[in-house]
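Comments concern the structure below.
One-based numbering, in listed order, for ligands and for the atoms of each.
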Amino acid sequence: MPLNPTEKIWHNGKLIPWNDAKIHVMSHVVNYGSSVFEGVRCYELPSGPAIFRAQEHTQRLLDSAKIYRIPVPYTRQQLVDAMVDTISANGVWPCYIRPLIVRGYGELGVNPTGVPTECYVANYAWGKYLGGAEDVGVDVCVSSWTRLAPNTLPSMAKAGANYMNSQLIKVEAVLNGYVEGIALDTSGYVSEGSGENIFLVRDGKLLTPPLGNSVLAGITRDSVLTVAKELGIPVEEHMIPREMLYIADEVFFTGTAAEVTSIRSVDKITVGDGGVGPVTKAIRAELFGIFDGSRPDKYNWLTPVPVRQKIGA
Ligand SMILES: Cc1ncc(COP(=O)(O)O)c(C=O)c1O
């Protein structure tokens with residue numbers, strides 16, 4: 001899907017023109033992948049635009065930077081305000097928001113000491129990611145690529161470099177005619193998709209791999225766990241063998257981009273009866289109700305964006 005540019009990008013505290021948000025080819029990030037980032041959504045509610053779980057996404061961004069010892073001269077609230085200001089200035093929503101922190105131009109050794117940190121926030125219009133319709137799931141495969149090994153590239157950091165592994169998973173899946181790949185961890189247990197967490201339903205219980213199986217601590221994953229508990233659905237976080245994917249009653253992906261996407265088949269084996277299952281539907285109804293304002297924001301997950309005029313999305 002082509003990128004839809006907006007007018008401004010927030011850079012180190014100032015809104016600059018989209019086309020001026022450039023970095024030098026000899027920047028540390030270009031050579032070594034030294035970036036951390038977020039993917040956040042802003043929804044359109046009857047009350048106006050609102051960012052979903054802005055504080056939690058920004059905390060994860062700061063945590064990712066901390067793991068890599070990237071100094072960030074902004075507080076969590078300043079970065080949340082930067083998201084709000086960018087959407088407000090651009091007048092584009094609903095939208096995807098991309099906060100991005102990179103090691104910039106200075107030294108070119110691997111040691112980043114003295115290399116400046118550059119902070120950006122962009123927003124742009126973006127629709128569905130995996131393309132699953134409300135009543136039809138997507139067809140996926142188990143990847144031949146393994147997710148990041150523990151103590152190599154840290155899975156809990158949302159770092160640009162991790163997405164080289166994600167690219168291998170995604171490209172292989174698409175070339176083989178699937179929408180997405182599910183990667184196993186180094187021990188062969190189910191980990192996650194290239195850009196999504198995964199959930200299974202078996203005998204009425206909701207299962208998802210724990211953080212120790214090389215998964216990103218997804219904000220949507222956390223939202224689903226919260227909503228499921230509220231709905232009285234039993235939830236278990238434990239290691240999941242690959243074959244459980246084939247005999248589950250329901251399987252779905254979660255993520256900011258994928259939201260809650262039902263999975264119809266894994267490796268051409270139909271999941272359950274091939275339809276969107278009742279647990280997936282119940283969770284989706286709760287979350288999508290918060291996204292469109294038809295259900296109350298009882299967890300305080302939305303940050304309203306004050307806007308003057310919508311330019312178009
Ligand atoms: C590898 C990976 N896992 C899981 C997720 C889902 O995380 P979230 O729900 O915070 O978007 C993402 C998306 O950010 C991801 O890239």
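Within 6.0 Å of atom CD in Gln77, more than 12 heavy atoms from other residues, nucleotides or ligands are found, so the atom counts as buried in its surroundings.
Listed by chain and number, residues touching ligand 1 at under 4.0 Å (heavy atoms only) are His57, Arg60, Arg147, Lys158, Tyr163, Glu192, Ser194, Gly195, Glu196, Asn197, Leu216, Gly218, Ile219, Thr220, Thr254, Gly255, Thr256.
Judged as a ring pair (Phe, Tyr, Trp, His ring centres under 6.0 Å), the pairs with a partner in residues 264-295 (not counting sequence neighbours) are, in order, Tyr43-Phe291, Phe52-Phe291, Phe288-Phe291.
Side chain of Asp297 to backbone of Gly293: no donor-acceptor contact under 3.5 angstrom is found. At distances below 3.5 Å, not a single donor-acceptor pair connects side-chain atoms of His24 with backbone N or O atoms of Gly106.
Here the closest heavy-atom approach between residue Leu62 and residue Tyr74 is recorded as CD2-O, 4.1 Å.
A chain of hydrophobic side-chain contacts below 4.5 Å, direct or via other Ile, Leu, Val, Met, Phe, Trp or Tyr residues, connects Ile269 to Leu184.
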